[in-house]
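Just so you know, residue 1 is the first one in the sequence shown, and it goes up from there. Atoms within each ligand, like the ligands themselves, are counted from 1 in listed order. Predicted, not measured: the structure shown is a model, and the values here were computed from it.
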Amino acid sequence: DKIREGLSKTKKNISVQLNGMFATFTGANEEFFEELEETLILADLGVETVDKAVTRLREITKREGFLKGEDIERALEDILTELIEVGDSALRLATTPAVILVIGVNGVGKTTTIGKLALKFKNEGKKVLLCAGDTFRAAAAEQLTVWAQRAGADIVRHEEGSDPASVIFDGIAAAKSRGADVIICDTAGRLHNKQNLMNELNKISRIIDRELPDADRETLLAIDATTGQNGLTQAREFKETAGITGLILTKLDGTAKGGIVFAIADQLQVPVKLVGIGEKPEDLLEFDGREFVEALLK
Ligand code: GDP
């Protein structure tokens with residue numbers, strides 16, 4: 001299925017190795033746990049997260065006295081699922097309108113994800129309005145316009161260099177008057193400096209609070225999975241200032257180190273909500289922790 005396909009590079013790195021280990025397992029020893037640790041670290045789950053997972057597995061193995069590979073495999077599956085499911089993965093968008101704000105540095109896949117989401121909502125029969133909140137780069141609004149046309153969504157955009165908060169303000173007004181179900185806002189990934197960017201995101205956030213105080217709202221941070229541990233650093237910075245409600249992990253298809261998803265979810269304690277596994281409109285999946293872990297291990 002799609003998630004397996006999207007994870008194929010990471011699977012090569014991790015599941016072949018693990019399946020070999022489980023196939024020859026006849027009882028736990030130090031060598032087994034060391035090899036497991038090494039495999040998980042190579043797949044970029046991060047030292048801390050791997051340590052947590054393997055410590056738990058050691059405890060359970062000792063308690064249960066596992067002698068079969070399938071038993072220890074199931075225990076590992078449960079532990080990894082628990083680590084990656086840190087809250088509700090479903091998008092909370094019950095109000096009309098509901099708002100999705102997409103944030104993250106340039107090039108991580110914000111615009112592409114917004115386009116994919118617009119199409120998905122459209123196919124569910126929802127009326128979608130896009131807001132071109134990245135006024136810093138003219139190309140960003142252009143690209144979003146192309147996606148809007150493809151998805152049959154409305155779009156509100158202003159001139160390059162105009163105030164992003166005013167685009168959001170106009171977008172909300174347009175959504176109200178046209179009866180849109182979902183407003184999806186793009187934002188700049190880079191301004192003159194970091195403080196500037198965080199101030200702007202806060203300003204946008206206050207506009208939404210003021211204009212749509214009762215609306216369901218998601219602030220989704222997009223992270224490029226191919227950037228590995230750097231993605232984690234970026235995420236920490238955004239989390240401190242922007243009040244993230246969920247994560248979008250993009251480009252999982254492009255990395256053999258998809259284990260980064262575990263490190264990010266576990267260390268930020270923010271739920272992963274969407275994963276991108278390609279450039280095509282249908283290459284966006286709603287995240288399911290159990291399914292993700294199964295696809296990775298089996
Ligand atoms: P933005 O600057 O954050 O808006 O990033 P874009 O949406 O412009 O995406 C940057 C590049 O990443 C584009 O070439 C996209 O086609 C590509 N991209 C986005 N998501 C994915 C994905 O899930 N998989 C792959 N392989 N490429 C992606």
Side-chain angles (χ1 to χ4, degrees), residues 1-13 44 100-120 128 130-151 153 155-157 160 164 167-168 171 183-191 194 197-198 200-201 204 218-228 230-231 233-235 237-238 242 244 246-261 264 272-288 291-292 295-296:
D1 49 20
K2 282 202 76 91
I3 183 74
R4 251 167 245 273
E5 206 183 296
L7 282 170
S8 64
K9 289 189 182 155
T10 303
K11 280 177 69 64
K12 265 192 209 126
N13 212 1
D44 227 8
I100 303 178
L101 193 62
V102 180
I103 65 177
V105 305
N106 281 346
V108 293
K110 289 186 297 300
T111 312
T112 308
T113 305
I114 292 170
K116 291 171 178 173
L117 269 178
L119 267 163
K120 174 179 134 58
V128 181
L130 303 184
C131 273
D134 182 357
T135 58
F136 201 66
R137 295 180 305 159
E142 285 303 328
Q143 202 190 335
L144 201 66
T145 304
V146 172
W147 276 106
Q149 283 162 354
R150 204 180 290 172
I155 180 164
V156 169
R157 57 183 282 197
E160 186 178 354
V167 183
I168 306 299
I183 308 170
I184 315 177
C185 304
D186 196 8
T187 60
R190 197 201 168 103
L191 289 180
K194 201 164 34 177
L197 175 61
M198 296 306 168
E200 182 178 297
L201 292 176
I204 289 172
E218 296 277 2
T219 301
L220 304 179
L221 175 67
I223 303 170
D224 177 343
T226 66
T227 61
N230 277 339
T233 311
Q234 278 167 27
E237 287 173 357
F238 275 97
I244 303 164
L247 302 171
I248 305 165
L249 263 298
T250 63
K251 310 188 196 179
L252 267 175
D253 54 304
T255 179
K257 299 193 165 214
I260 192 67
V261 182
I264 291 174
V272 180
K273 300 211 165 180
L274 300 165
V275 293
I277 51 161
E279 297 183 275
K280 294 191 296 296
E282 64 274 20
D283 294 336
L284 183 73
L285 300 177
E286 288 173 68
F287 185 75
D288 177 316
E291 192 183 273
F292 188 86
L296 196 65

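- In terms of modelled atom types and a separation under 3.5 Å, the side chain of T111 and the main chain of L144 share no donor-acceptor contact.
- Evaluation of the side-chain contact (heavy atoms from CB on, under 4.5 Å) rule for N106 yields K110, D134, R137, R190 as partners, not counting sequence neighbours.
- Using a 4.0 Å cut-off between charged side-chain N and carboxylate O, E282 and K120 make no salt bridge.
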Under 3.5 Å, which donor-acceptor pairs link side chains of residues 272-281 to any protein atom two or more places apart or in another chain?
| from | atom 1 | to | atom 2 | distance (Å) |
| --- | --- | --- | --- | --- |
| K273 | NZ | A90 | O | 3.4 |
| K273 | NZ | E218 | OE1 | 3.2 |
| K273 | NZ | E218 | OE2 | 3.0 |

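- A heavy-atom cutoff of 4.0 Å around ligand 1 is satisfied by the protein residues V105, N106, G107, V108, G109, K110, T111, T112, K116, R137, Q143, K251, D253, G276, I277, G278, E279.
- Screening L247, T219, L197 for a side chain to side chain contact (heavy atoms under 4.5 Å, CB included) with F238, the sole residue that qualifies is L197.
- Not a single side-chain hydrogen bond (donor to acceptor under 3.5 Å, both in side chains) links K11 to another residue, sequence neighbours left out.
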